[in-house]
Novice: 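This is the structure, below, for whatever I ask next.
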2 protein chains.
Amino acid sequence: MAPNSRFAVAVHVLTLIALHKGERLSSREVAGSVATNPVVIRRLLAQLSRAGIVASAHGALGGFTLARPASEITLFDAYRAVEEGGFFALPEKKNDKCPVARRMKTILDGVFARVESKVLPELKRTTLADVARRLPGRA
Amino acid sequence: MAPNSRFAVAVHVLTLIALHKGERLSSREVAGSVATNPVVIRRLLAQLSRAGIVASAHGALGGFTLARPASEITLFDAYRAVEEGGFFALPEKKNDKCPVARRMKTILDGVFARVESKVLPELKRTTLADVARRLPGRA
DNA sequence: GGATTTGAAACTATAATAGTTACATTATGG
DNA sequence: CCATAATGTAACTATTATAGTTTCAAATCC
């Protein structure tokens, strides 16, 4: 997958699993739709599994299912599971002798927090069921 | 500077220039505060210059100034100037034989557009003057 | 017990970006 | 007019993050 498209791929993968309700999807099947390697998909699904969004089964006939109804999984849940940082990054270096540089982090933290306070409710408002509804019955 | 912190550095740099109203700041002086190389700063300021946010002067006593009052420069202006893509990226590959994959881009475009429609007004609301007001008189 | 799958470790490949070096061009001021 | 100092930019290297790959142990089904 492309760099930085983790969230997009997570939504794709979860939607795929949601549309196959009652079945188990293998990482190989999912990888087919995303056009990438099964291990990449398993790594992504491991994050979603640790977050309690999907459940996995080992062995033959193993694979992945949603851990709860698609209507109870929001895009915020997916975002938080696969994307640790915020939307913006702060520089890690600065010149501590400069008064502006010293205060910049605090100021930017405030700006970034205000932005995120607008974004997160929007992501919480949309569920996987909303996304799945826009797709044909099965994949 | 750290990867992906271009917007944060842009705000830092612009604030620094704003606080030195009436003077010209050289890329070397700015680089000192950000703790990076002057060329990196010149590259960033070239983007802000093309966007009409700063003005530059060549030669000895050259350097950078704001192209208009700090109260008329928003963080959105800075964001748009230095960060071409949106907040999320779409994967560039997909399996076109999969109906879900085929429609995913359209769906995600919609989701991303709704998110950005919440973010951009927030960035437009904050001006450089707002940021500078939170800092001591001069650097 | 054979087949199939997840989980994870270890490694390589790739891409984006920061940092560096170098230099032509432009401007100031004595 | 010449020394000085700055931008603008090209070309290159270094770094970092992440995707992709290979491999294999453990789990599970039939």
Side-chain angles (χ1 to χ4, degrees), chain A residues 1-10 12-13 17 20 23-32 34-51 53-67 82-95, chain B residues 1-10 12-13 17 20 23-32 34-51 53-65 67 82-86 88-95:
Chain A
M1 65 178 107
N4 244 37
S5 62
R6 293 249 293 287
F7 175 57
V9 176
H12 182 154
V13 164
I17 296 173
H20 289 257
E23 302 170 43
R24 281 178 182 147
L25 271 190
S26 71
S27 60
R28 193 175 43 74
E29 293 172 296
V30 175
V34 179
T36 186
N37 191 292
V39 175
V40 173
I41 297 298
R42 288 208 287 273
R43 277 203 290 246
L44 185 72
L45 281 167
Q47 295 183 284
L48 296 167
S49 175
R50 278 192 287 275
I53 296 173
V54 302
S56 66
H58 280 221
L61 304 194
F64 298 87
T65 56
L66 296 185
V82 303
E83 215 84 57
E84 57 259 34
F87 295 95
F88 307 103
L90 287 164
E92 87 289 344
K93 288 195 307 181
K94 65 178 188 302
N95 178 357
Chain B
M1 63 177 107
N4 243 37
S5 61
R6 293 247 295 286
F7 175 57
V9 175
H12 182 154
V13 164
I17 296 173
H20 289 257
E23 303 170 43
R24 281 180 182 146
L25 270 190
S26 71
S27 60
R28 194 176 42 74
E29 293 171 297
V30 174
V34 179
T36 186
N37 190 293
V39 176
V40 173
I41 296 298
R42 287 207 289 274
R43 277 203 290 246
L44 185 72
L45 281 166
Q47 295 184 285
L48 295 167
S49 176
R50 278 191 287 274
I53 297 172
V54 302
S56 66
H58 280 221
L61 304 194
F64 298 87
T65 56
V82 303
E83 214 83 58
E84 56 259 34
F88 307 103
L90 286 164
E92 87 290 344
K93 286 195 309 180
K94 64 177 187 305
N95 177 358

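Naming: A, B, ... by sequence-line order, numbering from 1 per chain. The analysis underlying the following values was restricted to heavy atoms, covering all of them including side chains, and did not include hydrogens, waters or symmetry mates.
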Novice: Over how many whole Å does the gap from B:Arg24 atom CZ to D:dA6 atom P extend?
Specialist: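 It works out to 12 Å between those atoms.
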
Novice: Nearest to the side chain of A:Val39, heavy atoms from C-beta on, is which of D:dG20, C:dA9, C:dA18?
Specialist: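 Per side-chain heavy atoms of A:Val39, the pick is C:dA9.
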
Novice: Rounded to whole Å, please give me the gap between CD in B:Gln47 and P in D:dT7.
Specialist: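 That distance rounds to 16 Å.
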
Novice: Begin from the C-alpha positions of B:Gln47 and B:Arg6 and carry the test side-chain contact (heavy atoms from CB on, under 4.5 Å) through to its verdict.
Specialist: CA-CA 11 Å; B:Gln47 295 184 285; B:Arg6 293 247 295 286; 3.7 Å; yes

Novice: Before giving the answer on side-chain contact (heavy atoms from CB on, under 4.5 Å), spell out for A:Ser49 and A:Val54 the whole-Å C-alpha distance, their side-chain angles and the decisive distance to 0.1 Å.
Specialist: CA-CA 5 Å; A:Ser49 175; A:Val54 302; 3.9 Å; yes

Novice: Do the ring planes of A:Phe87 and B:Phe88 sit parallel (below 30°), tilted (30 to 60°) or perpendicular (above 60°)?
Specialist: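 Correct class here is perpendicular.
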
Novice: Between D:dT21 atom C1' and A:Ile41 atom CD1, what is the distance in whole Å?
Specialist: 14 Å

Novice: Would you say C:dG19 has OP1 or OP2 under 4.0 Å from some side-chain N or O of B:Thr36?
Specialist: yes

Novice: Any side-chain N or O of B:Ser27 below 4.0 angstrom from OP1/OP2 of D:dT7?
Specialist: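 Checking B:Ser27 against D:dT7: at least one side-chain N or O falls below 4.0 Å of OP1 or OP2.
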
Novice: Any side-chain N or O of A:Arg42 less than 4.0 Å from the OP1 or OP2 oxygen of C:dT6?
Specialist: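 For C:dT6, OP1 or OP2 has a side-chain N or O of A:Arg42 closer than 4.0 Å.
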
Novice: Where each residue is assigned the nucleotide of DNA chain D containing its nearest heavy atom, which of A:Asn4 and B:Ala60 is assigned the position nearer the 5′ end?
Specialist: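 Its nucleotide being nearer the 5' end, the pick is B:Ala60.
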
Novice: From NZ of B:Lys93 over to C1' of D:dA19, roughly how many Å is that when rounded to an integer?
Specialist: 9 Å

Novice: CZ/A:Phe64 to NE2/A:His20 distance, rounded to the nearest 0.5 angstrom?
Specialist: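 If we round to the nearest 0.5 Å, A:Phe64:CZ and A:His20:NE2 are 14.5 Å apart.
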
Novice: Expressed as a whole number of angstroms, how long is the span from A:Glu29:CD to C:dT5:P?
Specialist: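 After rounding, the gap between these two atoms is 8 Å.
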
Novice: Which nucleotide in the set D:dA27, C:dA18, D:dG20 lies at the smallest distance from any side-chain heavy atom of A:Asn37?
Specialist: D:dG20

Novice: Please state how far atom CG in B:Leu25 lies from atom C1' in D:dA6, giving the value in whole angstrom units.
Specialist: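 Atom-to-atom, B:Leu25 to D:dA6, this comes out as 13 Å.
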
Novice: Could you state the CG-P distance from B:Leu45 to C:dA18, rounded to the nearest angstrom?
Specialist: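 Distance check: B:Leu45 CG to C:dA18 P gives 14 Å.
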
Novice: Return the 5'-most residue of the pair A:Leu61, A:Arg50 with respect to DNA chain C, ranking by each residue's nearest nucleotide.
Specialist: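 Between the two, 5'-proximity favours A:Leu61.
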
Novice: Please evaluate residues B:Leu45 and B:Ile17 with respect to the criterion side-chain contact (heavy atoms from CB on, under 4.5 Å), reporting the C-alpha separation (whole Å), side-chain torsions for both, the decisive distance (0.1 Å), and the verdict.
Specialist: CA-CA 11 Å; B:Leu45 281 166; B:Ile17 296 173; 3.9 Å; yes

Novice: Select from A:Ser56 and B:Val40 the residue whose nearest nucleotide in DNA chain C is closer to the 5' end of that strand.
Specialist: A:Ser56

Novice: Looking at every strand, decide which applies to A:Arg43 at a 4.0 Å heavy-atom threshold: base, sugar-phosphate, or nothing.
Specialist: base

Novice: Quickly work out the B:His58 NE2 to C:dT26 P distance and round it to whole Å.
Specialist: 8 Å

Novice: Is there a side-chain contact between B:Ser26 and the phosphate of D:dA5, meaning an N or O under 4.0 Å from OP1 or OP2?
Specialist: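 No, outside the criterion.
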
